[in-house]
Amino acid sequence: MDFDALFNAQLDTLKDDGNYRYFAELERRCGKFPKAANHGEEGVRDVTVWCSNDYLGMGQHPKVIAAMCEAVERTGTGAGGTRNISGTNHDHLLLERELADLHGKEAALLFTSGYVSNWAALSTLGSRLTDCVILSDAGNHASMIEGIRHSRATKVIWKHNDVADLEAKLAALPTDVPKIVAFESVYSMDGDVAPIKAIVEVAEKYGAMTYLDEVHAVGMYGPRGGGVSERDGVADRITLIEGTLGKAFGVVGGYITGSHALCDFIRSFASGFIFTTALPPAVAAAARVSIAHLKQSELERAGQRRQVARLRKALDAAGIPHMRNGSHIVPVLIGDPNKTRMLADYLMREWDIYVQPINYPTVPKGTERLRFTPSPLHTDEDIDYLVSALSALWRQCALVHAVA
């Protein structure tokens, strides 16, 4: 059997539908974010990155870089294996204490990525709690969906951010079964924010555990960067808070926080923790310094908020439609995969602006978009240049303008 022919047939379908993904060959340059080197067919050119999840530029922060370099000199480059065999390191434990403190929890547990922490935690909870029912927001991330699916627990999907629908579905369940309400704080593609307090109150009313994914909010919201739950004063009422080290904290890795019993339960039963190599100690050391810095520094968050507001105002003035939300994510809807790809290609080729087109299955068909994430390191000139480029392309492509 010609397996390559089978593979290529499905890849060709992706290309015909406009959903095949092309990746630019970029090289981040230390100390120059959001600039990066694009290794393209015409040679190496500097571009401005507008879609990074390094929201605050902490991957370039001198203190974070120094911490990683010091830890490499002190411990080497790897963890030595899984933590169950040889990989538990003092830096892991220090980072877990920092994370537990960040969210006001008793304990934390590290994973190799936010995807893995969601997948491992939800699959373990759903499979180990007898007759468990997981109530999942319709907008949840693929990692949460996969974890729930792998758990084989009963799944109930409630309408996105619809507290009344959640309550109706909780009320219909038996009172004596374990229930988990799983949702996110900031949804990464639309940028909308969950009504966390209302969700928590409904969950408490029906005796349900709350599972909150804060990956797009940690470092960004709250007086110490504990996320939307900290900002809204409800973190102490949430059973499990999950987050990432790979976005606003500028490193890599995922984690959960909660009670000692909860974290020990996941540590003891989650295959996604037990059987995978631990994060390098140098990564843990850099992440700890990043978190500690953002606990006491408002400079980065304030700068980021300022640039988000400036970009939105400039887009409004130019009549370029963007989705309104209460977060730092600025999606510009295009609604067609081929046009979205074309616009991204033009921006890169003609304007040295890099933004990755977002298409199906990341977003539903017909809602394709460009997703912009201004950082405190994007200058006013960067924003003006971006909006000038978008305005020129909007005129060339005869796209519908918003009311300015």
Side-chain angles (χ1 to χ4, degrees), residues 111 114-217 227-229 232 234-235 237-243 254 256-259 261-263 265-266 269-272 325 360-365 367:
F111 291 86
Y115 191 105
V116 173
S117 55
N118 267 334
W119 179 88
L122 282 166
S123 63
T124 301
L125 290 166
S127 63
R128 301 291 305 189
L129 298 177
T130 304
D131 298 326
C132 182
V133 179
I134 302 178
L135 298 100
S136 177
D137 184 286
N140 277 345
H141 188 262
S143 58
M144 301 176 77
I145 295 168
E146 285 299 317
I148 295 166
R149 180 181 295 136
H150 188 263
S151 76
R152 299 186 180 179
T154 300
K155 177 177 69 175
V156 176
I157 298 176
W158 48 288
K159 295 176 185 177
H160 178 53
N161 279 348
D162 189 327
V163 180
D165 187 54
L166 171 62
E167 178 159 20
K169 287 178 165 58
L170 279 167
L173 295 172
T175 58
D176 59 346
V177 299
K179 294 174 279 288
I180 302 172
V181 176
F183 62 108
E184 301 180 42
S185 58
V186 176
Y187 288 84
S188 62
M189 290 300 116
D190 289 354
D192 53 337
V193 181
I196 297 178
K197 184 178 180 181
I199 292 170
V200 168
E201 288 174 348
V202 168
E204 290 174 343
K205 179 179 177 180
Y206 292 91
M209 171 182 169
T210 43
Y211 184 110
L212 176 62
D213 176 321
E214 285 261 40
V215 298
H216 290 277
V228 178
S229 59
D232 294 353
V234 293
R237 297 169 65 182
I238 296 168
T239 316
L240 184 154
I241 297 176
E242 184 265 353
I256 62 167
T257 64
S259 68
L262 171 58
C263 291
F265 178 81
I266 302 298
F269 291 110
S271 62
N325 58 52
Y360 179 82
T362 305
V363 295
K365 292 180 180 180
T367 68

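Every heavy atom of this structure was used, including side-chain atoms; hydrogens, water molecules and symmetry mates were not.
Here the shortest heavy-atom pairing between S117 and Y211 reads O-OH, 3.8 Å. The nearest pair of heavy atoms linking V163 to P195 is CG2-CG, 3.8 Å. Shortest non-hydrogen contact noted between G126 and A153 is O-CB, 3.5 Å. I196 and S229 get closest at one heavy-atom pair: CD1-N, 3.9 Å. Taking each heavy atom of I266 and A121 in turn, the nearest pair found is CD1-O, 3.9 Å. A pairwise comparison of heavy atoms in A194 and F183 identifies CB-CD1, 4.2 Å as the closest pair.
Inter-residue side-chain proximity for M144 and E184 is flagged as met; some heavy-atom pair is nearer than 4.5 Å. Residues K155 and I134 have side chains not in contact (no heavy-atom distance under 4.5 Å, counting atoms from C-beta outward). Looking at heavy atoms from C-beta onward, V181 lies in side-chain contact with W158 at the 4.5 angstrom threshold. When side chains are defined from C-beta on, L125 does not count as touching C132, because their heavy atoms never get closer than 4.5 Å. The closest side-chain heavy-atom distance from L135 to Y206 is not below 4.5 Å. No side-chain heavy atom of D232 sits less than 4.5 Å from a side-chain heavy atom of K197.
The line from CE of M189 to OG1 of T362 is 6.5 Å long, rounded to the nearest 0.5 Å. Taking CD1 of I145 as the start and CG of L122 as the end, the distance is 10.5 Å to the nearest 0.5 Å. Atom CD in E167 sits 11.0 Å away from atom CG in D162 (nearest 0.5 Å). To the nearest 0.5 Å, atom CZ of residue F265 and atom CG of residue L129 are 5.0 Å apart. With values rounded to the nearest 0.5 angstrom, K179 atom NZ is found 11.0 Å from D131 atom CG.
Within a 6.0 Å sphere centred on CZ of R152, heavy atoms belonging to other residues, nucleotides or ligands number 12 at most. No more than 12 heavy atoms of other residues, nucleotides or ligands sit less than 6.0 Å from atom OH of Y360.
The closest donor-acceptor contact from the side chain of E214 to the backbone of V228 lies under 3.5 Å. Here the side chain of N118 pairs no donor or acceptor atom with the backbone of S143 at under 3.5 angstrom. Of the possible polar contacts, none joining the S136 side chain to the A182 backbone as a donor-acceptor pair under 3.5 Å is found. Looking only at distances, a side-chain donor or acceptor of D137 sits under 3.5 Å from a matching main-chain atom of N161. At least one donor-acceptor pair under 3.5 Å links the side chain of T239 to the backbone N or O of T210.
At a cut-off of 3.5 Å, with distance as the only test, a side-chain donor of D192 or H160 sits close to an acceptor on the other residue.
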